[in-house]
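Notes for the one structure printed next.
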2 protein chains.
Amino acid sequence: MLDESYREFAEHGYHQASINRIVGRLDIAKGSLFQYFGSKEGLFAHLFQRAVDEIKAPLRAIRDGQTGEPFPQRLKRVFAASSAFALAHPFLWGIYRRMLTQEDFPLRATLLSQVRAETLTFFRELIELGQNQDSVRADLDPATAAFVIEATLDRALTAQLSPVLDAGLGLASDPQTRQARLDALAEALCLGFSVCPTVHPAPSTAKGDANA
Amino acid sequence: MLDESYREFAEHGYHQASINRIVGRLDIAKGSLFQYFGSKEGLFAHLFQRAVDEIKAPLRAIRDGQTGEPFPQRLKRVFAASSAFALAHPFLWGIYRRMLTQEDFPLRATLLSQVRAETLTFFRELIELGQNQDSVRADLDPATAAFVIEATLDRALTAQLSPVLDAGLGLASDPQTRQARLDALAEALCLGFSVCPTVHPAPSTAKGDANA
DNA sequence: CATAGGAATGACCACCCGGTCACTTGTCCG
DNA sequence: CGGACAAGTGACCGGGTGGTCATTCCTATG
């Protein structure tokens, strides 16, 4: 029952989701569903809370494991894990994405600010940890950098589930390509965050005045 | 008539938009509207095409003006101009944002891929131009960087119109703060793109092995 | 077995939707 | 003025919506 409702909301958003379709697929009476959840909004609220609880564990696992690694490696791991999570829970991800843009999504303000605050804090802590390890430059504002990272990751996850948005980058294609593209994004971000000289050979001319 | 329909779609998205409300506000008969546009989808397609045409001019003006400036300045100008445009056309921006996440938005694939391709090309060209000027490091992949920039800008524009998403960054508050935050975002991006030594003094300790 | 009480049911409600079309109205020309 | 023809109208249609509630069914207990 929860699974089927979850799928309906994720596939159609809130307003386009149909209680009739849900009970039709489940082959139960409409009255039963309303007896449990009271209203469409009640059903949705219940589902969302469950989903939020479900997403917390993997996020924490990423943050608390392998704390010794330098920042770029950790960021890549975060990107990879998030990508895997979004692919494994496309419906949940779809709901979240919809809520971001749909002003009249019920409970939007409450639910969103809760999730967003947690996400940005997660990245800010990751960055500050990197700064303490000297793998992130100290003059970088953690909040600003967290914003950029979150925006990039969000777009990447959206792109990998929606070929229209991929725009030739390859996130929506096979796993190997996706992995490579995600790593490239993480690296491009790290370029700006790292204490200056990046490991890459910088193959072209040496026009820059102080490279390596 | 067009203005009122535009507003309706932007405020409610496609499916939640109501023809009845539009004709009600305009105080005209429903039949008239259908005589002109044939269907709801026809009306929307017409509106969208008009909006796309409208957006092209300012974008081109940004790209083709001040070509001599170094990349970071140009990027800041692009951010500022885009921010102003989104604030001036919140409805249009709302439609675009909705279309990004709503799978069943009619004509989504056609319209979106058209817009996205143009946007990403715009940024790629901006970066390549920066590389030719030596104000962007040569080993940066233009497509990847364009992706990151576009993602960040998109999130920033969303945040400035939706306080819930601002997450304490200050994009949704007064113009001065917003301007400063946009500049900070652009700078954070440029850190990674610039040929290495950034102008900023890097105030803290000199633990990094080769800073400045 | 009888029965009490909660759980399940689905016909039904009022409402709203996009879309139609027979009809009225307005306009312009001979 | 009269007629032709386009423009404008709004009652109406079939269908879908979230939600209700009198009724039936099931089960658990005495």
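Please read all numbers here as calculations on a predicted model, not as lab measurements. Within every chain, numbering begins at 1; the chains are lettered A, B, ... in the order of the sequence lines, protein sequences first and strands thereafter.
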Could you state the interatomic distance from CG (L33(B)) to CE (M1(B)), rounded to the nearest 0.5 Å? 4.0 Å
Of all nucleotides in DNA chain D that come within under 4.0 Å of a heavy atom of chain B, which is furthest toward the 5' end and which toward the 3' end? dG8(D) to dG10(D)
With a 4.0 Å cut-off, would you call R25(B) and E4(B) a salt bridge? yes
Candidate pair T152(B) and R155(A), rule side chain to side chain contact (heavy atoms under 4.5 Å, CB included), full reasoning: CA-CA 9 Å; T152(B) 303; R155(A) 249 304 203 267; over 6 Å; no
Backbone N/O of P106(B) and side chain of Y14(B): donor-acceptor pair under 3.5 Å: no
Quick one: on DNA chain C, does K40(B) or Q35(B) contact a more 5' nucleotide (nearest heavy atom)? K40(B)
Check whether any side-chain N or O of H89(B) sits under 3.5 Å from a backbone N or O of F85(B) as a donor-acceptor pair, and report yes or no. yes
L33(B) CG to dG19(C) P, straight-line distance once rounded to whole Å: 10 Å
Rounded off to whole Å, could you give me the CD1-to-P distance for the I19(A) and dC12(C) pair? 21 Å
Length of the line joining F34(A):CZ and dA7(C):P, which is rounded to integer Å: 18 Å
State whether R50(B) and D3(B) are salt-bridged, where the test is any N-O pair (Lys NZ or Arg NE/NH1/NH2 against Asp/Glu carboxylate O) under 4.0 Å. yes
Interatomic distance, H12(B) NE2 vs dG18(C) P [rounded to whole Å]: 12 Å
Applying a 4.0 Å non-hydrogen cut-off, can you work out what Y36(A) is touching in the nucleic acid: base, sugar-phosphate, or nothing? sugar-phosphate
Roughly, in whole Å, what's the span from CD in Q16(B) to P in dC17(C)? 9 Å
Under 4.0 Å between a side-chain N or O of N20(B) and OP1 or OP2 of dC17(C)? yes
Examine dA7(C): is either OP1 or OP2 under 4.0 Å from a nitrogen or oxygen in the side chain of S32(A)? Give yes or no. no
I28(A) CD1 to dT9(C) P, straight-line distance once rounded to whole Å: 7 Å
